[in-house]
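Written below as structure tokens is the structure these notes are about.
Only a predicted model underlies this, so the values are computations on that prediction, with no experimental measurement involved.
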Amino acid sequence: MLKWEYALLVRRRQAATTDIGWEVVFIWYSPDGSMVDVTPYGDTALAHLNRAGDQGWELVGMSEDPSLEGLTELHRYHLKRPKAVTPQPRQRIRGAGRGTRRTISG
């Protein structure tokens, strides 16, 4: 059965911390729960989505928080990709194909 893993790319427009004005920040939330600032990898949502697509991610939804319009903008891009299949350990069948046990005495 095919299983999926999910990630989230968040685009936030917020007050700049080093300058007067606004900055756009992109945060990647991985399936393992880690959070990474990916802003240096691109300055548009499209650049980040294309980068994620190159890694096998597919955009499945987008949402925005309209209550934050003006002061900050918040866009969420929901992505998924097939989960890597880990092979199950092979089980050994005991006694199959074996004849009677031989012993050597001497």
Side-chain angles (χ1 to χ4, degrees):
M1 182 168 107
L2 184 59
K3 294 183 179 183
W4 299 95
E5 62 180 349
Y6 298 90
L8 180 66
L9 175 67
V10 174
R11 175 194 179 273
R12 182 185 306 270
R13 181 176 171 255
Q14 60 191 23
T17 57
T18 59
D19 196 6
I20 297 176
W22 300 94
E23 65 182 354
V24 175
V25 178
F26 292 92
I27 305 294
W28 178 262
Y29 294 87
S30 296
D32 65 4
S34 61
M35 183 177 80
V36 179
D37 182 353
V38 294
T39 306
Y41 298 117
D43 58 353
T44 65
L46 190 56
H48 289 285
L49 292 171
N50 281 328
R51 184 171 172 267
D54 290 342
Q55 297 171 3
W57 292 100
E58 176 183 352
L59 180 65
V60 294
M62 184 269 185
S63 61
E64 61 183 306
D65 192 337
S67 66
L68 298 176
E69 216 169 294
L71 300 175
T72 64
E73 294 174 3
L74 182 67
H75 296 89
R76 295 178 191 94
Y77 301 92
H78 306 269
L79 302 107
K80 74 174 185 178
R81 72 177 174 189
K83 199 170 192 175
V85 177
T86 54
Q88 296 295 323
R90 295 177 67 184
Q91 293 183 356
R92 297 179 70 175
I93 301 173
R94 296 188 180 252
R98 293 184 184 174
T100 58
R101 189 175 265 184
R102 290 188 247 171
T103 59
I104 301 174
S105 58

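- By the neighbour-count criterion of 12 heavy atoms within 6.0 Å, atom CE of M62 is densely surrounded, having more than that number from other residues, nucleotides or ligands.
- Residues L9 and Y6 are members of separate hydrophobic clusters, defined by side-chain heavy-atom contacts under 4.5 angstrom among Ile, Leu, Val, Met, Phe, Trp and Tyr.
- Side-chain heavy atoms closer than 4.5 Å link hydrophobic residues (I, L, V, M, F, W, Y) into clusters, and following such links, possibly through other members, connects L8 to M35.
- If you take CZ on R12 and CZ on R76, they are separated by 8.0 Å, rounding to the nearest 0.5 Å.
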Only pairs under 3.5 Å count here: list side-chain donor-acceptor contacts from residues 37-52, not counting sequence neighbours, and write none if there are none.
residue	atom	partner	partner atom	Å
D37	OD1	T39	N	3.0
D37	OD1	T39	OG1	2.5
T39	OG1	F26	N	2.9
T39	OG1	F26	O	3.4
T44	OG1	A47	N	3.1
H48	NE2	G42	O	3.0
N50	ND2	L46	O	3.3

Which donor-acceptor pairs under 3.5 Å do side chains of residues 27-34 form with protein atoms, sequence neighbours excluded?
residue	atom	partner	partner atom	Å
W28	NE1	S30	OG	3.2
S30	OG	S34	OG	3.4
D32	OD1	S34	N	2.9
D32	OD1	S34	OG	2.7

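- Interatomic distance, L2 CG to K83 NZ, rounded to the nearest 0.5 Å: 11.0 Å.
- The CD atom of E64 sits 4.0 Å away from atom NE2 of H75, with the distance rounded to the nearest 0.5 Å.
- In terms of the side chain to side chain donor-acceptor pair (under 3.5 Å) criterion, residue partners of R81 (sequence neighbours excluded) are, by chain and number, E5.
- Nearest heavy-atom pair, V10 versus L74, reported as atom, atom and distance to 0.1 Å: CG1-CD1, 3.3 Å.
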